[in-house]
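Just below is one structure, and these are the notes that go with it.
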Amino acid sequence: MLASVKDILSKAKRENYAVGAFNVSNMEMAQGVVMAAVERRSPLVVQITENAMKYAGAKELLELAKAVITERSENIPVGLNLDHGKTFDMVRRAVELGFNAVMIDGSRLSFLENINLTKRVVDFAHKSNISVQGELGIVPYLGEIDVTEIDWSKLMTDPQKTKEFTEKTGVDSLAVAIGNAHGFFRETEEADWERLKQINQLTNIPLVLHGASDWAKGKVLAAIQGGITCFNVDTDIRLAFMHELCRAANDKCSVTDPRKVLGPARDAVRKKVAEKINIFGSANKA
Ligand code: G3H
Ligand code: 13P
Ligand code: ZN
């Protein structure tokens with residue numbers, strides 16, 4: 001059932017586990033993600049980006065995601081979040097489309113501009129009971145920054161600024177930069193656990209870790225210990241989908257029915273998401 005992201009994350013924070021927020025851009029991915037959550041009896045966040053909406057059509061993809069949640073999630077709580085909204089207009093559109101949570105990513109703006117944009121979004125979204133995730137610090141994308149010259153300390157969230165940011169904006173959750181990056185990116189072996197601990201103490205709201213695809217179990221567990229309540233995963237389920245799609249297509253290249261390759265790809269997503277849910281500790285928490 002469609003459920004509040006704020007409630008999903010608050011429960012995870014209270015009970016010391018994390019939920020997965022998984023990005024989808026087509027029917028099979030949405031179904032695979034929701035099927036895994038039902039199988040593992042786990043709360044879940046389904047996420048959609050602006051690029052995914054450009055690809056599939058905003059209204060079409062949203063209606064599809066909502067239908068998958070209604071038809072398949074049984075009584076498992078599932079939130080529907082706009083991932084990396086960059087502008088106020090994008091957020092307004094997301095609310096009209098029926099997302100029940102949004103992220104406003106002002107991380108590339110100055111601190112003051114980030115506060116102003118995020119606060120404007122919070123004031124607007126809260127009127128419709130929609131929760132808001134902000135971001136402080138930079139979680140780089142593969143290709144955005146030269147990995148060989150990266151100075152991680154310049155990208156990371158400044159714990160002292162998080163208090164001012166969360167108090168002034170009123171965000172419900174916060175994406176943090178502690179050495180994490182989007183995609184299969186060469187990250188520092190250890191994240192900055194001390195920084196995470198300080199951020200957690202100073203904010204006391206659910207913290208979100210983006211770029212979790214390549215985080216192994218040990219790092220994930222340490223992050224939960226440090227206060228992370230939500231892991232964003234995109235690349236790893238794209239890879240699971242594509243790997244199985246290609247495998248099935250090569251084996252059956254004489255078959256002309258797309259369902260023969262899309263079905264196994266959907267199942268690969270289901271399996272990958274179920275594995276992540278086990279590691280995040282959200283199985284049987286629905
Ligand atoms: O952080 C978000 C994604 O991993 C990038 O997604 O390619 O749909 O913009 P996108
Ligand atoms: P990955 O693609 O590294 O899993 O990151 C996903 C993400 O942060 C989506 O917001
Ligand atoms: Zn992200």
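The basis for the numbers below is simple: all heavy atoms, side chains too, and nothing from hydrogens, waters or symmetry mates. Quick note: residue numbers are just sequence positions, from 1.
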Practice problem: Check Q47, R238, H84 against N23 for a side chain to side chain donor-acceptor pair (under 3.5 Å) and give me the one that passes. | Solution: Q47

Practice problem: Return yes if some donor-acceptor pair links the side-chain N/O of S4 with the main-chain N/O of K6 below 3.5 Å, else return no. | Solution: yes

Quiz item: To the nearest 0.5 Å, what is the distance between CD (E275) and CZ (R40)?
Solution: 11.0 Å

Practice problem: Give, for atom CG of N100 and atom OG of S128, the distance between the pair rounded to the nearest 0.5 Å. | Solution: 11.5 Å

Practice problem: Find the distance between CE (M90) and CD (E50) and round it off to the nearest 0.5 Å. | Solution: 5.0 Å

Quiz item: How far apart are the closest heavy atoms of L64 and N26, and which atoms are they?
Solution: CD2-C, 3.9 Å

Practice problem: Go through the steps for E144 and R108 under the test salt bridge (charged side-chain N to carboxylate O under 4.0 Å, His left out), then give the verdict. | Solution: CA-CA 12 Å; E144 184 187 16; R108 272 52 172 183; 2.7 Å; yes

Quiz item: Any ion pair linking R120 and D123 (charged N to carboxylate O, less than 4.0 Å)?
Solution: no

Quiz item: Got a sec: does the CG of N129 have more than 12 other heavy atoms crowding it under 6.0 Å?
Solution: no

Quiz item: Can you find a pair of side-chain heavy atoms, one from V19 and one from K11, that are under 4.5 Å apart?
Solution: no

Quiz item: Does the side chain of E96 come within less than 4.5 Å of K59's, by heavy atoms?
Solution: no

Practice problem: Kindly say whether M1 contributes a backbone atom to a donor-acceptor pair with the side chain of S73 at under 3.5 angstrom? | Solution: yes

Quiz prompt | Hydrophobic cluster membership, L80 vs F22, 4.5 Å side-chain cutoff | solution = yes

Quiz item: Are there more than 12 heavy atoms of other residues, nucleotides or ligands under 6.0 Å from atom NE2 of H126?
Solution: yes

Quiz item: Should the heavy atoms of other residues, nucleotides or ligands under 6.0 Å from CD of Q225 be counted, would the total exceed 12?
Solution: no

Quiz item: Relative to F111, does K161 satisfy both conditions: NZ or CZ under 6.0 angstrom from the six-membered ring centre, and within 45 degrees of the ring's axis?
Solution: yes

Quiz item: Do V33 and L9 share a hydrophobic cluster (ILVMFWY, side-chain heavy atoms under 4.5 Å, transitive)?
Solution: no

Quiz prompt | Under-4.0 Å salt bridge between E39 and R270 | solution = yes

Practice problem: Kindly indicate, with the supporting measurements, whether the criterion side-chain contact (heavy atoms from CB on, under 4.5 Å) is fulfilled by D267 and E244. | Solution: CA-CA 9 Å; D267 209 42; E244 191 53 30; over 6 Å; no

Quiz item: Can you find a pair of side-chain heavy atoms, one from I104 and one from F124, that are under 4.5 Å apart?
Solution: no

Practice problem: Looking only at non-hydrogen atoms, find the nearest pair between L174 and I199 and report the distance. | Solution: CD2-CG2, 4.5 Å

Exercise. For the residue pair L262 and L245, establish whether any side-chain heavy-atom pair is separated by less than 4.5 Å.
Key: yes

Quiz item: Is there side-chain contact between D192 and W152, with heavy atoms separated by less than 4.5 Å?
Solution: no

Quiz prompt | Single-linkage hydrophobic cluster, 4.5 Å side-chain cutoff, V68 and V233 together | solution = yes

Quiz prompt | Distance (rounded to the nearest 0.5 Å) between L136 CG and T166 OG1 | solution = 9.0 Å

Practice problem: Would you check, one step at a time, whether the test side-chain contact (heavy atoms from CB on, under 4.5 Å) holds for V139 with H182? | Solution: CA-CA 7 Å; V139 181; H182 289 98; 3.6 Å; yes

Quiz item: Is there a donor-acceptor contact under 3.5 Å from the side chain of K276 to the main chain of S213?
Solution: yes

Quiz item: Closest heavy-atom contact between A240 and K272?
Solution: CB-CB, 4.0 Å

Exercise. Indicate, with yes or no, if I224 and V208 share a hydrophobic cluster defined by side-chain heavy-atom contacts under 4.5 Å among Ile, Leu, Val, Met, Phe, Trp and Tyr.
Key: no

Quiz item: Could you state the interatomic distance from OG1 (T229) to CG (N200), rounded to the nearest 0.5 Å?
Solution: 8.0 Å

Exercise. Looking only at non-hydrogen atoms, find the nearest pair between L61 and V24 and report the distance.
Key: CD2-O, 4.2 Å

Quiz prompt | Shared hydrophobic cluster, M35 / M29 (ILVMFWY, side-chain heavy atoms < 4.5 Å) | solution = no

Exercise. Step by step, work out the side-chain contact (heavy atoms from CB on, under 4.5 Å) result for K219 and W193.
Key: CA-CA 10 Å; K219 258 174 119 176; W193 302 124; 4.1 Å; yes

Self-check item: Pairwise side-chain contact, V176 with I228, heavy-atom cut-off 4.5 Å (strictly under)
Solution: yes

Self-check item: H210 (side chain) donor-acceptor with N180 (main chain) under 3.5 angstrom
Solution: no

Quiz item: Quick one: do the D89 and T87 side chains pair a donor with an acceptor below 3.5 Å?
Solution: no

Quiz prompt | Candidate list T118, D158, L202, test side chain to side chain contact (heavy atoms under 4.5 Å, CB included), partner F165, passing option | solution = T118

Quiz prompt | N284 side-chain N/O to R41 backbone N/O, donor-acceptor pair under 3.5 Å | solution = no

Quiz prompt | V269 side chain reached by Q31 side chain, heavy atoms, under 4.5 Å | solution = no

Exercise. Could you walk me through whether V5 and M103 pass the side-chain contact (heavy atoms from CB on, under 4.5 Å) test, one step at a time?
Key: CA-CA 11 Å; V5 170; M103 175 192 188; over 6 Å; no

Practice problem: Kindly say whether A177 contributes a backbone atom to a donor-acceptor pair with the side chain of T157 at under 3.5 angstrom? | Solution: yes

Quiz item: Tell me, do T169 and N114 make a side-chain contact under 4.5 Å, heavy atoms counted?
Solution: no

Quiz prompt | Minimum-distance pair of heavy atoms, taken over all atoms of D105 and S107 | solution = OD1-OG, 2.5 Å

Exercise. Drop me the distance from F241's CZ to C246's SG, to the nearest 0.5 angstrom.
Key: 10.0 Å

Exercise. List the atom of G134, the atom of V171, and the distance in Å for their closest heavy-atom pair.
Key: N-CG1, 3.7 Å

